[in-house]
Each structure stands twice: as structure tokens, then as C-alpha cells.
J.: 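Before I ask anything, here is the structure I am working with.
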Amino acid sequence: MTITVAGVKKEVKDDLTVAQLIIDENVETPMYVTVSINDEFIASGTFETTVLKDGDNVEFLYFMGGGC
Amino acid sequence: MAFSNEQLERYSRHIILKEIGAKGQKKLLNAKVLIIGAGGLGAPVAMYLAAAGVGTIGIADADEVDLSNLQRQIIHATKDVGKPKVLSAKETMNEMNPDVTVNTYHTFVTSENIRKLIRDYDFIIDGTDNFPAKFLINDACVMEKKPFSHAGIIRFKGQLMTYVPGQGPCYRCVFKNPPPKDAVPTCKQAGVVGAMGGVIGSLQAMEAIKFIVGQGELLTGNLLTYDALKMDFRKIKLPHNTDNCPVCGKNPTITELIDYEQAECDGAL
Ligand SMILES: [Zn+2]
């Protein structure tokens with residue numbers, strides 16, 4: 001199936017979970033990333049159980065604390 | 001209030017713009033913006049807003065200028081090392097534009113002082129370098145119904161979003177709670193290119209100017225991210241539903257400000 005991750009279309013295996021996608025995408029600080037799918041936030045406790053569907057649009061939103 | 005000849009010349013490039021004009025320039029001269037943090041982000045914001053003729057600029061920061069700040073905090077100079085950042089920033093802004101009144105607050109923002117501090121201002125700039133302050137600014141702005149610009153920078157990356165009451169998600173809608181101390185790297189640990197403050201801080205200044213003159217589209221409901229190494233800007237649409245947010249949602253559970261444990265970058269706001 002095809003999904004869009006951070007604006008880039010990708011071919012991925014069916015039944016991919018958000019947790020596995022976070023690993024595959026080498027997400028920095030995976031414990032503290034905010035995930036949205038099709039413009040809806042995914043609760044952080046449900047990454048293991050959230051299964052992606054064909055056509056999903058996934059965004060990772062990262063903490064960025066600097067300003068100094 | 002009529003413009004002096006000097007003002008007509010100083011602001012001529014604004015006045016000629018149909019989106020600003022004499023009317024917009026008057027709005028700028030009557031506007032009050034508070035910048036929290038006189039560091040890598042706060043420096044360019046303060047300089048561009050002072051140059052633009054924002055009539056009252058407040059600047060809050062508890063720290064003194066350190067030599068290691070000068071690689072990016074362009075409002076301060078070598079002669080300012082050891083001086084309170086708010087004083088050094090005020091001197092630079094006054095030299096740039098005598099039209100601007102600069103209010104200095106040589107203090108950390110806390111749950112005790114922030115609501116009173118922001119109440120006098122039309123737009124708030126988050127130029128802080130730590131999550132407790134970023135959440136405090138967000139919650140206080142939601143409670144006081146003040147618009148603000150959030151931004152963060154690290155290494156070659158930056159991001160910003162704009163909150164306007166009733167027009168989309170707040171910072172806490174997206175980021176829920178501050179990460180534990182040291183869980184997410186700071187710029188002291190990870191480094192930051194000085195020009196990142198210039199890029200992202202200038203965008204924050206642009207949001208403030210657009211808000212004041214009432215032109216264009218603000219970065220509400222979106223997070224703009226910048227990756228300098230890939231030279232990639234992305235405007236990420238944020239979920240629109242804010243109902244369940246603990247502070248700006250329908251049934252807020254956060255009704256008092258919270259002082260989270262300070263995990264600041266290098267002692268600099
Ligand atoms: Zn919210």
C-alpha cells in the first residue's frame with residue numbers, strides 16, 4: 001500500500017503499525033514525537049495498536065526547545 | 001497623530017505597500033509586542049520590530065550577555081558581555097529607532113508574574129529556550145486570550161506556529177506536556193547555527209507585523225518546519241479539533257499555571 005510520510009509518498013507493507021513506522025523512519029526521540037494521521041492526532045499510548053491504511057497521510061511533529 | 005517628515009522618510013518602504021500604508025504604519029506605532037527571551041530568536045525579532053516602528057516593545061530575560069551568545073544573538077555586541085541582556089537589547093533598539101519605547105523585564109517568567117506581564121501587550125513572542133517556559137507562555141496566552149508566536153530552533157532545524165484565540169490549536173494541543181529534563185536535546189548540548197535564529201526569528205517578526213496590520217494569513221492551524229541542510233520548508237496542517245485540549249479545549253483541566261522543572265539550555269532564556 002502507499003502512504004505519505006512527512007510529505008513523501010512511500011510504498012509500505014500492509015498492516016504497518018505507527019510504532020513500526022516510527023522505527024522504520026528512524027524517528028529521533030520516538031518517546032516524545034507527536035503523530036497525526038489524516039489531520040488527526042494519535043494518542044501516544046496507541047502507536048502499537050494503530051494500523052495504517054492505504055492512502056494515509058502521516059506527519060511527525062517534534063519538540064524543538066531551542067531559542068537561545 | 002500625524003507623521004513627522006522624518007517618520008515619513010523612515011517608514012517610506014512600509015507606507016508605499018498597499019497592505020501597510022500610512023494606516024498600517026500607525027497601527028504599528030500604536031502596537032505593543034512583548035518578546036520573552038532576548039536570545040537567538042528574540043534578538044532578530046526585537047531588531048526587526050524596532051526597525052519597523054512597533055511603538056512599544058517589551059523584552060523579558062533574566063540573563064546577562066555571555067561571549068558564547070554572540071555567535072547568534074546579534075542584538076548584543078562584544079562590549080555588552082556581562083550586561084543584562086534586556087539592557088543591551090534596549091540600547092540597540094533605541095539606537096536603531098528613537099520612535100520605540102522599550103520596556104525591560106530583567107526576570108524569568110513564572111506562574112506568578114506572566115499573566116500580569118502579558119496583559120499589557122497585543123502580541124507575544126516566545127523566544128525562550130526551554131519547555132517549561134514554552135508551556136507557561138502557551139497556557140498564560142490561552143488564559144489571557146493573547147495571540148502569540150511559538151518557535152524553536154536546534155542544529156540546522158527550526159519550527160514555528162502562531163496561536164490566535166479561537167482560530168486553531170494551541171501549543172499544548174500539539175505537544176501535550178513538556179518532555180522530561182534532558183529527554184530532548186537543547187542547543188547547548190546539540191548546537192545551533194546562528195543564522196537559524198535569523199531565519200525563524202524573522203518569520204516570528206513577520207507574523208507579529210501581519211497580525212498588527214491585519215493583513216494576510218497567519219500561521220494558525222499550521223506548523224512551519226525548516227530544515228536548512230535540505231533547504232526544505234514545510235507547512236504542516238495541524239488537526240483542527242481543539243475540544244479535548246486540557247487548556248484551550250471545551251472543558252479545560254488546566255486552569256492554573258504550572259511551573260515545570262527548569263531544564264534550560266545554558267541558563268539563557
Ligand atoms: Zn490547546
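Only heavy atoms go into these numbers, but all of them, side chains included; no hydrogens, no water, no symmetry mates. Bear in mind that the values here come from a model prediction, so they are computed numbers and not experimental data. Letters A, B, ... are given to chains in the order of the sequence lines, protein chains preceding strands, and every chain is numbered from 1.
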J.: With sequence neighbours left out, what residues match A:Lys10 under salt bridge (Lys or Arg N to Asp or Glu O under 4.0 Å)?
T.: A:Glu25

J.: Between A:Glu59 and B:Lys235 (salt bridge meaning N to carboxylate O under 4.0 Å), is one present in this structure?
T.: no

J.: I need the minimum non-hydrogen distance between B:Cys173 and A:Phe41, along with the two atoms involved.
T.: O-CE1, 3.3 Å

J.: Does atom CG of B:Asn251 have more than 12 heavy-atom neighbours, drawn from other residues, nucleotides or ligands, at distances under 6.0 Å?
T.: no

J.: Within a radius of less than 6.0 Å around NZ of A:Lys13, do more than 12 heavy atoms belonging to other residues, nucleotides or ligands occur?
T.: yes

J.: For the backbone of B:Val174 and the side chain of A:Thr34, can you confirm whether one donor and one acceptor N or O come within less than 3.5 Å of each other?
T.: yes

J.: Given that the side chain runs from C-beta out, which part of B:Lys237 has a heavy atom under 4.5 Å from chain A: side chain, backbone, both or neither?
T.: both

J.: Please step through side-chain contact (heavy atoms from CB on, under 4.5 Å) for the pair B:Leu238 and A:Asp39, ending with a clear verdict.
T.: CA-CA 6 Å; B:Leu238 296 171; A:Asp39 299 332; over 6 Å; no

J.: Rounded at 0.5 Å granularity, tell me how far OG1 in B:Thr225 sits from OH in A:Tyr62.
T.: 10.0 Å

J.: Where is the tightest heavy-atom contact between A:Gly66 and B:Leu41, given as atom of each residue plus distance?
T.: O-CD1, 4.0 Å

J.: Of all of B:Gly197, B:Gly158, B:Gly201, which one pairs up most often with chain A through heavy atoms under 4.5 Å apart?
T.: B:Gly158

J.: If you count heavy-atom pairs under 4.5 Å with chain A, which of B:Ile236, B:Leu223, B:Asn177 comes out on top?
T.: B:Ile236

J.: Please say whether more than 12 non-hydrogen atoms of neighbouring residues, nucleotides or ligands are located less than 6.0 Å from CG in A:Asp54.
T.: yes

J.: Are more than 12 heavy atoms, taken from residues, nucleotides or ligands other than B:Lys146, located less than 6.0 Å from that residue's NZ atom?
T.: yes

J.: Would you compute the distance between atom CZ of B:Phe175 and atom CE of A:Met64 and round it to the nearest 0.5 angstrom?
T.: 8.0 Å

J.: Should the ring pair B:Phe131 and A:Phe63 be called parallel, tilted or perpendicular, given that the plane angle runs from 0 to 90° and is split at 30 and 60?
T.: perpendicular

J.: So does B:Tyr48 have more than 12 non-hydrogen atoms from other groups sitting under 6.0 Å from OH?
T.: no

J.: Highest number of heavy-atom pairs under 4.5 Å with chain A: which of B:Arg155, B:Lys176, B:Gln159?
T.: B:Gln159

J.: Count the heavy atoms belonging to other residues, nucleotides or ligands that lie under 6.0 Å from CD of A:Glu28, then report whether that count exceeds 12.
T.: no

J.: Which value, rounded to the nearest 0.5 Å, describes the distance between A:Glu40 atom CD and B:Asn241 atom CG?
T.: 7.5 Å

J.: For A:Met31, I'd like to know if atom CE has over 12 heavy atoms of other residues, nucleotides or ligands within 6.0 Å.
T.: no

J.: Where on B:Ala151 is there a heavy atom nearer than 4.5 Å to chain A: the side chain, the backbone, both, or neither?
T.: backbone

